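Down below is the structure, laid out as structure tokens.
Small disclaimer: the values here were computed from a predicted structure and weren't measured. One-based numbering along the sequence shown. Counting starts at 1 for both ligands and their atoms, following the listed order.
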Amino acid sequence: MRPIQMVDTHSQYLAIKSEVDTAIHDVLDSAAYINGKAVQQFTQSLGQYLNVKHTIPCANGTDALQIAMMALGLEPGDEVITPSFTYIATTEVVALLKLTPVFVEVDPHTFCIDPASVRKAITPKTKAIVPVHLYGHAAPMEAIMAIAKEFNLYVIEDNAQAIGCDYTFSDGTTKKTGTIGTIGATSFYPSKNLGAYGDGGAIFTNDDQLAHQMKMIANHGQQKRYYHEVVGCNSRLDSIQAAVLNIKLKKLDEYNAARQKVAAFYNHAFANHPAVITPFVASYSTHVYHQYTLQLKGVNRDELVAYLAAHQIPSMIYYPVPGHRQDMFAAFGLKEMVLPITDELTNSVISLPIHTEMNKEQLNYICLNVLNFLNK
Ligand SMILES: *Cc1c(COP(=O)(O)O)cnc(C)c1O
């Protein structure tokens, strides 16, 4: 059996090797390493795929979130509501910009931001909400957008884990996640559903003015070379990464379907087992399974992780410490704050290997071992 990995980017590469190698060599020959043709092509193709007016490539997903927040003209002390149960990048940029992160609860089924909790957290200082489409499932955008409208707030979607996910509104219309809020941000980190062979990110918006502002900010605050209008940063997607992404974008739906097959296999194996809850999929969302995450009930998680590791099966805890308890936010004095659902999930979730190159033999082996442990 091929060794089992959380993500197998190398096997995926081998399946597209000749196409990728040619594209990379084309960039090398073009000498347009920054902002070359591949970047322009990818930017256009991604915008078409997502059906969004403006796509701005940048250096990584964290920068994408930061540039989005910089463009909104938020002032130090302004409050930004985010889930505590997310990857640190979502909230780190809030603090970096001297804004105040306000941590709220997630829904225990979808693991995504809870609209009721958002509503309760709103104060006169609230300026923005950052829903995260965690693990590849959409946050409840319709409810979030309604709250944002009512209180005149910006919405920045953290779409780093859910590129390709579809959101269906109650009127039946569908949009890609990342294109619903004021701004969407994503990452092309190698292990993401659309991953480069290095770092990369992008920002999306349908707002012309914001797009203009974000393009400037990502490029040292300039529109015209050497005339710097605002304080920005240097955040670029390089041409080699864009050339890789051009190839992989064409396969994104296929890749997400492969992940869905893996998830269906796991769901079937673990269905109705009293010790685990399999991932929930809300009627408004598809699930692109950036992660396949189980909730354990009355199971010693550390022992399960060790048991799997002893059988050469990797597993991960996303995320072992919620944002509000991280040392980096100690100045906000939130460590004692109780978010019962977040705390419960932090202690009970476990993510199993999921990627586009898994085979039945590997899946059978993982399921067998998980069930052996649970039924001990
Ligand atoms: C990966 C990720 C990011 C950051 O992306 P980078 O490209 O690593 O900077 C932000 N938010 C979430 C939810 C992520 O999973």
Thr55 versus Ala202, closest heavy-atom pair with distance
CG2-CB, 4.5 Å
Could you list which atoms of ligand 1 come closer than 4.0 Å to a heavy atom of Ala160?
2 (C), 3 (C), 10 (C), 11 (N), 12 (C), 14 (C), 15 (O)
Kindly give the heavy-atom pair with the smallest separation between Gln241 and Tyr197, and that separation in Å.
OE1-N, 2.8 Å
Going by the 4.0 angstrom heavy-atom rule, the piece of Asp158 near ligand 1 is side chain
Identity and separation of the nearest protein heavy atom to atom 15 (O) of ligand 1
Lys192 NZ, 2.6 Å
Does any non-hydrogen side-chain atom of Lys176 lie less than 4.5 Å from one of Val52?
no
Any N/O pair Gln161/ligand 1 closer than 3.5 Å
yes
Restricting to non-hydrogen atoms, name the atom on Pro83 and the atom on Thr91 that form the minimum distance, rounded to 0.1 Å.
O-CG2, 4.2 Å
So does Arg119 pair up with Glu150, basic N to acidic O under 4.0 Å?
yes
Any idea which protein heavy atom is nearest atom 9 (O) of ligand 1, and the distance to it?
Thr62 OG1, 2.5 Å
Show which atoms of ligand 1 fall inside a sub-4.0 Å distance from at least one heavy-atom site of Asn60.
7 (O), 9 (O)
N/O of Ser187 under 3.5 Å from N/O of ligand 1, yes or no?
yes
Would you say ligand 1 has an N or O under 3.5 Å from any N or O of Gly61?
yes
Residue pair Thr123 / Glu79, side-chain donor-acceptor N/O under 3.5 Å:
yes
